[in-house]
J.: 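Quick one: this structure, given as structure tokens, is what I'll be asking you about.
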Number of protein chains: 2
Amino acid sequence: MNPTIKDVAKHANVSIATVSRIVNGLPGYSEETKKKVQQSIEALGYQPNAIARGLINKRTQTIGVLFPEVSGMLSSEVLEGVENAAHDGGFSVIVCNTTSSGKRTVKYLRLLQEKRVDGIIFASEDVKEEYYKIFEEMQVPVVLVSTASTHYNLPFVRVNDYEGAFKATEYLIQRGHTQIGMIGGSHHDPIAGVPRMQGFQEALQKHGLPFSENHVTTNEGYRFQNGKESLPLLLKKLPNMTALFAASDEMAIGAMSAAHQLGIKVPEELSIIGYDNLKIAEMCYPALTTVSQPLKDMGQTAGEILVNLIKGEQKEAESRYMPFTIIERQSVSALNDK
Amino acid sequence: MNPTIKDVAKHANVSIATVSRIVNGLPGYSEETKKKVQQSIEALGYQPNAIARGLINKRTQTIGVLFPEVSGMLSSEVLEGVENAAHDGGFSVIVCNTTSSGKRTVKYLRLLQEKRVDGIIFASEDVKEEYYKIFEEMQVPVVLVSTASTHYNLPFVRVNDYEGAFKATEYLIQRGHTQIGMIGGSHHDPIAGVPRMQGFQEALQKHGLPFSENHVTTNEGYRFQNGKESLPLLLKKLPNMTALFAASDEMAIGAMSAAHQLGIKVPEELSIIGYDNLKIAEMCYPALTTVSQPLKDMGQTAGEILVNLIKGEQKEAESRYMPFTIIERQSVSALNDK
DNA sequence: GAGAAATACGTAAACGTTTACGTAAAGCGA
DNA sequence: TCGCTTTACGTAAACGTTTACGTATTTCTC
């Protein structure tokens with residue numbers, strides 16, 4: 001098996017305490033013995049056992065990350081950021097795929113509890129009471145990313161969805177559009193659903209444009225298919241529509257795909273603006289104008305906050321609204337001459 | 001802190017050994033004490049400490065997964081499969097983002113060694129000697145996914161790239177194309193680069209079509225930009241080209257984007273077939289015909305093989321070629337009448 | 001009903017560390 | 001040179017489990 005600290009101690013003719021001190025850079029030994037021990041470590045190829053360390057330090061240098069879907073394009077970019085920050089802070093990350101299932105989430109939380117992770121990043125889902133109780137039991141810091149908790153006071157990292165939607169809508173209005181529709185999420189989704197619809201609605205109202213239920217479709221998901229199926233419905237409700245705000249890039253691209261099939265030219269006959277700025281946004285044709293969420297940055301920031309919380313450098317973490325920007329590409333045309 | 005087995009023992013008036021036996025389902029106690037202990041566990045909310053367990057069992061129930069890029073669409077689908085299989089087998093997964101950097105890879109491998117993971121999944125990169133040495137040191141099973149090792153005998157899960165490319169090319173030939181180009185990877189990439197180019201070349205030759213260097217462009221990466229930049233070059237070398245095989249979906253979509261900009265109609269004037277079947281393949285317009293790699297399945301299979309290896313149910317793992325299929329969508333047109 | 005075998009536990013060592021405490025030697029000021 | 005502080009270690013307990021072994025009690029067997 002792997003050599004232990006005992007083997008090193010024997011090989012170097014010192015006690016295990018001395019080896020431990022040298023490995024951890026604590027004071028209490030001469031230069032001479034240090035060299036001797038380091039040679040033994042080298043010779044035996046000794047690697048400290050993180051498990052044994054964890055047992056006594058009550059620190060595993062590991063965090064858990066829960067996503068509703070690891071292969072979602074959104075999740076994967078956030079994950080990259082988290083992993084990066086964790087690694088820089090000396091932590092490993094365990095990924096958990098909750099598939100938006102409550103049971104699975106609880107199971108994972110229990111697992112992370114058994115594994116004694118030092119902190120948790122929770123993404124893209126509402127925090128149920130059941131989860132929060134486990135958080136409390138676990139006594140480890142938690143940070144939310146790309147979501148927020150309506151009921152509990154947990155630090156989060158996200159963009160202001162209301163404002164993002166508001167600005168996206170204004171962007172269309174400023175380009176002369178007056179018949180603007182929206183492909184939205186669910187009324188029951190307090191994170192990405194409601195605020196984006198509100199932003200849309202209030203932007204319309206602010207500029208004196210009419211708003212009714214005919215201006216939006218709601219969807220249970222934010223996927224390509226949802227967008228693709230929504231466009232014809234929306235077109236029926238709002239036949240003169242010249243511009244469209246979709247609550248996600250996937251839906252925007254779905255709508256674009258439906259438009260192609262219906263022979264509607266984008267952006268000449270229909271302008272589309274999306275939300276997220278996934279990598280696909282610049283790959284479709286025409287390239288999608290969209291509200292950019294700095295996904296990787298958000299993950300990174302959440303990771304950094306969590307690490308600081310774990311290290312105790314901050315006691316109470318402040319939440320962070322990340323800046324969004326509108327990425328202008330080719331899917332929106334101006335009706336006026338600017 | 002969290003209650004320990006000692007607390008439970010005290011609470012139930014038994015020894016810790018008895019509690020341990022009950023928790024682990026080993027024999028050696030009466031129904032009566034079992035009930036008593038379970039009540040104590042319930043009452044205290046006891047959760048066994050996986051760290052302590054790991055220390056004594058020399059099993060952490062954790063595997064490490066190394067990807068060159070976690071946010072790549074390819075990686076994220078594979079990861080989902082791996083995570084799924086691991087979870088089903090009772091394992092957690094630690095993700096590592098090597099960013100294709102050798103130094104970082106080694107650092108991660110060392111980390112996984114310290115953390116005493118029970119196995120490793122290594123994705124999408126060639127296995128260097130340096131890595132292999134660490135694998136040997138670690139004495140844990142390793143399985144490769146979406147890659148293979150040219151020098152070392154490690155089990156892998158992947159599709160036969162040569163055949164996939166061959167069939168993709170034949171698919172175009174069967175639809176009457178004779179002027180076929182390829183946007184390929186690198187000559188130095190023994191995994192995805194060379195075999196796909198060979199498959200392309202040999203399909204051409206088998207059907208008596210000419211092949212020269214003018215038929216392919218090579219690229220260092222497999223990204224959108226590579227494809228987008230390659231199309232004009234290829235068109236210059238092969239002006240009569242009516243069909244195109246791209247070694248990745250991203251490149252195919254890049255080429256499609258370039259075609260749009262050049263006013264070349266896809267598929268009427270140029271047919272394109274891709275490779276991978278990423279989620280974006282069905283989202284672009286026209287939807288991309290492509291060679292499907294069962295990414296999630298591959299991850300799942302690799303995970304299952306690894307778990308079996310760890311549990312010792314298999315001693316020597318066989319490698320697995322996964323089946324590819326050609327997904328027909330709208331980016332290829334037939335020149336003949338079938 | 002005596003001896004053997006099975007059952008139902010408890011005791012204590014082990015896993016590989018960290019660290020509080022103890023101690024001998026060295027260094028030092030007067 | 002004496003007493004004190006500092007340095008350089010070693011000893012052993014602790015972290016929370018699992019498990020080999022021991023032992024008292026019960027259950028069989030004939």
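Chain letters run A, B, ... following the sequence lines, proteins first and then strands; every chain starts at 1.
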J.: Could you check how far CG of B/N13 sits from P of C/dC9, rounded to whole Å?
T.: 12 Å

J.: B/L55 or B/L26: which one's nearest nucleotide on DNA chain D is closer to the 5' end?
T.: B/L55

J.: So does B/E130 have more than 12 non-hydrogen atoms from other groups sitting under 6.0 Å from CD?
T.: no

J.: side-chain contact (heavy atoms from CB on, under 4.5 Å) between B/K311 and B/F91: does it pass, once the steps are laid out?
T.: CA-CA 11 Å; B/K311 292 190 175 165; B/F91 287 78; 4.3 Å; yes

J.: For a quick check of understanding: with a heavy-atom distance under 4.0 Å over all strands, which category does A/E31 fall into, base, sugar-phosphate or nothing?
T.: nothing

J.: Going 5' to 3' along DNA chain D, which nucleotides are the first and last within contact of chain A (any atom under 4.0 Å from a heavy atom)?
T.: D/dA8 to D/dG16

J.: Across the strands shown, which category fits A/S20 at heavy-atom distances under 4.0 angstrom: base, sugar-phosphate, nothing?
T.: base

J.: If only side-chain N and O atoms count, and only distance matters, is there a donor-acceptor pair under 3.5 Å linking B/Q38 with B/E42?
T.: no

J.: Inspect the surroundings of CG in A/N153 and state if more than 12 heavy atoms from other residues, nucleotides or ligands are less than 6.0 Å away.
T.: no

J.: Decide if atom NZ of B/K36 counts as having more than 12 heavy atoms of other residues, nucleotides or ligands within a radius under 6.0 Å.
T.: yes

J.: Scan B/P48 against the nucleic acid and name what it touches under 4.0 Å (heavy atoms): base, sugar-phosphate only, or nothing.
T.: sugar-phosphate

J.: Side-chain donor-acceptor contacts of residues 105-113 of chain A below 3.5 Å, not counting sequence neighbours, with atom names and distances?
T.:
residue: A/T105; atom: OG1; partner: A/S101; partner atom: O; Å: 2.8
residue: A/Y108; atom: OH; partner: A/R104; partner atom: NH2; Å: 3.4
residue: A/Y108; atom: OH; partner: B/E83; partner atom: OE1; Å: 3.1
residue: A/Y108; atom: OH; partner: B/E83; partner atom: OE2; Å: 2.2
residue: A/R110; atom: NH1; partner: A/Q113; partner atom: OE1; Å: 2.8
residue: A/R110; atom: NH1; partner: A/E137; partner atom: OE1; Å: 3.2
residue: A/Q113; atom: NE2; partner: A/E137; partner atom: OE1; Å: 3.1

J.: Under 3.5 Å, is there a donor-acceptor pair between the A/K115 and B/S92 side chains?
T.: yes

J.: Assign each of B/K58 and B/S15 to its nearest nucleotide of DNA chain C by heavy atoms, then name whichever residue's nucleotide is nearer the 5' end.
T.: B/S15

J.: Look at all strands and tell whether A/I16 reaches a base, only sugar-phosphate, or nothing, counting heavy atoms closer than 4.0 Å.
T.: base

J.: Hey, which sits more toward the 5' end of DNA chain D by its nearest nucleotide, B/R21 or B/Y46?
T.: B/Y46

J.: Between B/F135 and B/Y152, is the ring centre distance below 6.0 Å?
T.: no

J.: Hey, is the side chain of B/S30 poking within less than 4.0 Å of OP1 or OP2 on C/dT7, counting only N and O atoms?
T.: no

J.: Please report how far the helix from C/dG1-D/dC30 to C/dA30-D/dT1 bends, comparing the axis fitted to its first five pairs with the axis fitted to its last five, to the nearest 10 degrees.
T.: 30°

J.: Against A/R59, only a single residue in A/I56, A/T62, A/N57, A/L55 fulfils side chain to side chain contact (heavy atoms under 4.5 Å, CB included); can you say which?
T.: A/N57

J.: Any base atoms under 4.0 Å from B/Q47, or only sugar-phosphate, or nothing? Heavy atoms, all strands.
T.: sugar-phosphate

